[in-house]
Amino acid sequence: MKPMLNIALPKGRLGEKVYAMFEKAGFDCPAIRETNRKLIFENAENGVRYFWVKPSDVAIYVEHGVADIGVAGKDILLEYEPDVYELMDLDIGKCRMAVAAKEDFYDDPEHTLRVATKFSNIARNYYRSQGRDIDIIHLNGSIEIAPILGLSDVIVDIVETGTTLRENKLAVVETIVPISARLIANKSGFRFKNEPITKLMEQMSKLLEEEK
Ligand code: PRP
């Protein structure tokens, strides 16, 4: 029997889209479409085993080799810098990492800027590149509240449609980097299971071409 390709998918809406792409690429696993709360599915015939994991944890499973490949947002890769190969941009889950603040925000260079974020590493690297002194206030969610309540001057967060910012009277000050979902691979998994991974990448590239 051929060795299983272990694939970590981000649970949720993005993961559904990603699985649909894998399915079209010939890596289908019908059991995954059954409605239940299972987290591991396999199709031995096809040589694939899928795991649904928390989106921010995909890279951890791949880095540790429990999953050979997975799909993670560029935001997570930039924030945690996992030791994995980034193989392909899947052109889905598109958004941007941005600095945002209250609509009347004025950046006073005399003061250390207070930055609230879930993405401390990205924020630190960005402001270092700008030569700007900052204090990071690390939060775990609902970041938009921080400048409204005066906890921070700005936020560094993901902006997709911009609705959350608008409805909270905040505005983008600057885009740091565009974000999208990436196919990633464990470094030794990539060598040992190169054949199915290469086949997957070829099929995915074709799909992306067709959609253009
Ligand atoms: C993300 C992000 C913004 C929102 C942006 O939040 O942190 O709050 O989505 O989307 P929009 O531009 O389309 O409004 P998420 O839902 O992941 O929750 P959390 O960060 O508050 O945990």
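Read the numbers this way: they start at 1 and go in the same order the structure lists the ligands and their atoms. Just so it is clear, the structure is predicted and the values come from calculations on it, not from any experiment. The basis for the numbers below is simple: all heavy atoms, side chains too, and nothing from hydrogens, waters or symmetry mates.
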Novice: Are Val115 and Leu149 connected in the hydrophobic side-chain network, where two residues link if heavy atoms are under 4.5 Å apart?
Specialist: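 Shared cluster, no.
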
Novice: When you check ligand 1 against the protein, what N or O pairs turn up below 3.5 Å? List the atom names and distances, or just say none.
Specialist:
unit_1, atom_1, unit_2, atom_2, d
ligand 1, 7 (O), Asp157, OD1, 3.1
ligand 1, 7 (O), Asp157, OD2, 2.7
ligand 1, 8 (O), Glu144, OE1, 3.4
ligand 1, 8 (O), Glu144, OE2, 2.6
ligand 1, 12 (O), Glu160, N, 2.8
ligand 1, 12 (O), Thr161, N, 3.0
ligand 1, 12 (O), Gly162, N, 2.7
ligand 1, 13 (O), Thr161, N, 2.8
ligand 1, 13 (O), Thr161, OG1, 2.5
ligand 1, 14 (O), Thr164, N, 2.9
ligand 1, 14 (O), Thr164, OG1, 2.4
ligand 1, 20 (O), Lys118, NZ, 2.9
ligand 1, 21 (O), Ser142, N, 2.9
ligand 1, 22 (O), Lys118, NZ, 3.4

Novice: Give a yes or no on whether a salt bridge exists between Asp153 and Arg114, defined as a side-chain N under 4.0 angstrom from a carboxylate O.
Specialist: yes

Novice: Is there a donor in the side chain of Tyr126 and an acceptor in the side chain of Glu174, or the other way round, less than 3.5 Å apart?
Specialist: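 A pair is found: one side chain offers a donor N or O, the other an acceptor, under 3.5 Å apart.
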
Novice: I'd like to know if Lys212 pairs up with Glu209 as an ion pair, taking the criterion as any Lys NZ or Arg NE/NH1/NH2 lying under 4.0 Å from an Asp or Glu carboxylate oxygen.
Specialist: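 The answer is yes: the pair qualifies as a salt bridge.
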
Novice: Does the pair Glu86/Lys74 count as a salt bridge with the N-to-O cut at 4.0 Å?
Specialist: yes

Novice: Starting from Val173, can I reach Met97 by hopping between I/L/V/M/F/W/Y residues whose side chains sit under 4.5 Å apart?
Specialist: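 Yes.
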
